[in-house]
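The sequence lines fix the lettering, A, B, ..., with proteins before strands; numbering per chain opens at 1.
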Protein chains: 2
Amino acid sequence: MVNIVFDPGLDEAMSFLTESFSGRRLVVCFGLFSVEYLGRSSSSLGFGERLLVVKGDGSVLVHRGTGYEPVNWQPSGCRLKCMMVDDRMVLLSERRRPKEFLKMVFQKVYVMFSASPVDDARFMMGPSEETFYDILYSNPNLIEKGLKLVSRQKALSSGVPDFTGVDSAGNYVYVEVKRCVAGVDAVRQLDRYIRSQPGPLRGILLAPSLTNSAKALLVKKGYTFRRLDLKLLSGLVTMQPYEETLDRHLGSSAASK
Amino acid sequence: MVNIVFDPGLDEAMSFLTESFSGRRLVVCFGLFSVEYLGRSSSSLGFGERLLVVKGDGSVLVHRGTGYEPVNWQPSGCRLKCMMVDDRMVLLSERRRPKEFLKMVFQKVYVMFSASPVDDARFMMGPSEETFYDILYSNPNLIEKGLKLVSRQKALSSGVPDFTGVDSAGNYVYVEVKRCVAGVDAVRQLDRYIRSQPGPLRGILLAPSLTNSAKALLVKKGYTFRRLDLKLLSGLVTMQPYEETLDRHLGSSAASK
DNA sequence: GCGCTTAGCCGCTCA
DNA sequence: TGAGCGGTTAAGCGC
């Protein structure tokens with residue numbers, strides 16, 4: 001649920017902020033204001049048009065029209081207060097330890113909105129799962145020398161092995177890939193795929209490592225374990241897909257020369 | 001002039017962005033999107049509601065609902081492109097050196113606006129490191145009684161001690177200054193300077209305090225620690241705008257109590 | 001809580 | 001262009 005106010009009076013802006021703060025909402029505000037900071041260091045910035053972002057956890061960011069870094073800010077955990085002083089809206093943010101203050105005096109608010117972002121995604125360092133499979137698919141030697149892959153699973157559906165291929169001896173192969181330590185369930189999955197097929201098939205489990213029980217089951221079933229070198233793989237990520245995407249849409253638009 | 005779009009379709013959002021980028025405008029967008037980064041490192045973040053800020057100079061910031069830091073970003077100077085791919089809006093940002101990409105796939109845009117902020121104010125920092133050096137250089141007694149300084153480092157360059165001088169006993173002295181707690185690296189720095197010289201030199205580390213490890217190394221190397229009294233030093237700073245700022249801050253925080 | 005280490009650190013200055 | 005270094009560094013992890 002996004003609340004938006006366009007060209008509000010300062011009184012209206014103040015109640016909007018007060019309400020948003022008490023609801024711990026994310027607030028974005030573009031307006032004409034001055035900023036002063038006092039704490040470990042100090043700074044002052046006269047009136048100008050800027051972007052203010054206040055997050056639900058009490059982080060504050062003041063951004064000017066250029067540059068990556070906020071001109072003023074406070075990390076999460078700040079207490080915010082909003083008041084009218086001499087027909088100006090004053091926003092005061094207080095950090096407890098170390099004791100620091102940020103003070104913004106608003107002369108005008110052009111637009112502001114608030115929201116409570118729903119965001120459950122996990123931030124993962126390293127290549128995405130899809131990129132990961134792309135690399136393996138184009139570099140089957142990373143799985144096993146002489147292996148040729150003939151198909152890969154579409155999307156992230158189930159009931160299908162990650163890769164199918166033919167090994168150097170001409171055997172048909174099913175490959176199951178895990179990005180972390182593989183457990184018995186990974187071996188069972190591979191086994192299920194293979195037993196669902198009529199002909200004889202080799203099974204390869206590719207993972208950084210195996211649990212003991214998984215290893216036992218793997219040996220019993222006669223499948224092969226191949227170690228996946230995550231570092232090596234990460235190093236092989238290329239920018240080609242990005243560049244191709246850009247090339248395909250040449251002449252769209254550019255923000256800088 | 002601020003342009004605002006509320007709940008646009010992705011096609012509409014795309015033309016809005018394209019236009020904003022070509023006009024080098026500041027764009028703020030709250031929507032549901034995924035982010036992938038590839039460059040010096042790589043990362044991926046699935047779909048979620050986030051805030052995207054693109055500045056006119058080609059800086060890009062992706063903020064989640066909490067925390068001071070953007071989850072993904074690119075510094076100024078990036079080239080941006082926007083396109084529709086399979087009914088999704090894709091925003092691609094390219095940094096030249098080092099080569100890096102940021103890719104956002106939008107499923108939904110809740111609200112977005114653009115503006116060309118007018119902001120001529122000068123950002124003024126309070127007592128900076130340089131100011132501190134100025135004061136110390138004119139008041140060597142704050143470092144050590146009878147000390148005479150003969151040179152100071154130019155600007156904030158490297159490979160040079162902060163001050164060189166002669167102490168009351170006639171020994172040549174190198175002084176390394178830290179405004180905050182000095183760690184081992186500060187001692188190492190001092191040591192590097194001194195060992196780079198042929199003759200015998202006293203080393204003085206001036207800082208508000210020392211970490212234990214720094215103290216150990218200092219003693220081992222036979223250098224001297226001098227306490228820097230920040231309060232005292234701050235008292236010697238005279239800076240009209242700064243004092244005004246301070247007064248105003250004290251005024252508001254007193255009023256809010 | 002404090003102290004220490006890391007970071008896609010950023011941004012600056014100088015060789 | 002690369003190296004060194006400061007920063008309102010922030011943030012995470014150990015104690």
With sequence neighbours left out, the residues meeting salt bridge (Lys or Arg N to Asp or Glu O under 4.0 Å) with B:R122 are none
Rounding to an integer number of angstrom, what distance separates C:dG8 and C:dC4 when you compare their P atoms? 23 Å
Spell out, as yes or no, whether a donor-acceptor pair under 3.5 Å connects the side chain of A:S59 to the backbone of A:K55. no
Under 3.5 Å: donor-acceptor pair, side chain of A:N139, backbone of A:I135: yes
Which of parallel (below 30°), tilted (30 to 60°) and perpendicular (above 60°) describes B:W73 and A:Y68? tilted
Interatomic distance where CZ belongs to B:R192 and C1' belongs to D:dC5 [whole Å]: 10 Å
Assert: residue with more 5' nearest nucleotide on DNA chain C, out of A:F123 and A:E69, is A:F123
For B:Y223, all residues meeting ring pair (Phe, Tyr, Trp, His ring centres under 6.0 Å), sequence neighbours excluded: none
Between the protein and nucleotides 2-5 of chain C, which nitrogen or oxygen pairs come in under 3.5 angstrom?
residue, atom, partner, partner atom, Å
C:dC4, OP1, B:S213, OG, 3.4

Applying salt bridge (charged side-chain N to carboxylate O under 4.0 Å, His left out), which residue pairs with at least one partner in residues 61-76 of chain A are found, sequence neighbours left out? A:R64-B:D119
Answer yes or no: is there a donor N or O on one side and an acceptor on the other, between the side chain of A:S138 and the main chain of A:D134, under 3.5 Å? yes
Whole-Å distance, A:L61 CG to D:dT8 P, equals 15 Å
Please state how far atom CE in A:M125 lies from atom P in C:dA7, giving the value in whole angstrom units. 8 Å
Across all chains, not counting sequence neighbours, the ring pair (Phe, Tyr, Trp, His ring centres under 6.0 Å) partners of B:Y137 are B:F163
With sequence neighbours excluded, tell me which residues meet ring pair (Phe, Tyr, Trp, His ring centres under 6.0 Å) with A:F30. A:Y110
B:R188: which residues meet the side chain to side chain contact (heavy atoms under 4.5 Å, CB included) condition with it, sequence neighbours left out? B:V184, B:L217
Beyond-backbone contact of B:L190 with B:I204, side-chain heavy atoms, under 4.5 angstrom: no
Separation of D:dG7 C1' from A:E100 CD (nearest whole Å): 12 Å
Distance, rounded to the nearest Å, where B:D185 contributes CG and D:dG4 contributes P: 14 Å
Of the residues in residues 28-48 of chain B, which ones touch DNA chain C at a heavy-atom distance under 4.0 Å? B:Y37, B:R40, B:S41
Which residues pass the salt bridge (Lys or Arg N to Asp or Glu O under 4.0 Å) test with A:R96, not counting sequence neighbours? A:E94
Any protein N or O atoms within reach of nucleotides 13-15 of chain D? Criterion: under 3.5 Å, listing atom names and distances.
none

Please list, chain by chain and in numerical order, all residues satisfying salt bridge (Lys or Arg N to Asp or Glu O under 4.0 Å) with B:K103, sequence neighbours excluded. none
Distance check needed: D:dG4 C1' versus B:K178 NZ, whole Å only. 11 Å
Is a donor on one side and an acceptor on the other found under 3.5 Å between the side chain of B:E100 and the backbone of B:R40? yes
Among residues 70-78 of chain A, which contact DNA chain D at a heavy-atom distance under 4.0 Å? A:V71, A:N72, A:W73, A:P75
To the nearest angstrom, the OH-P distance between A:Y68 and D:dT9 comes to 16 Å
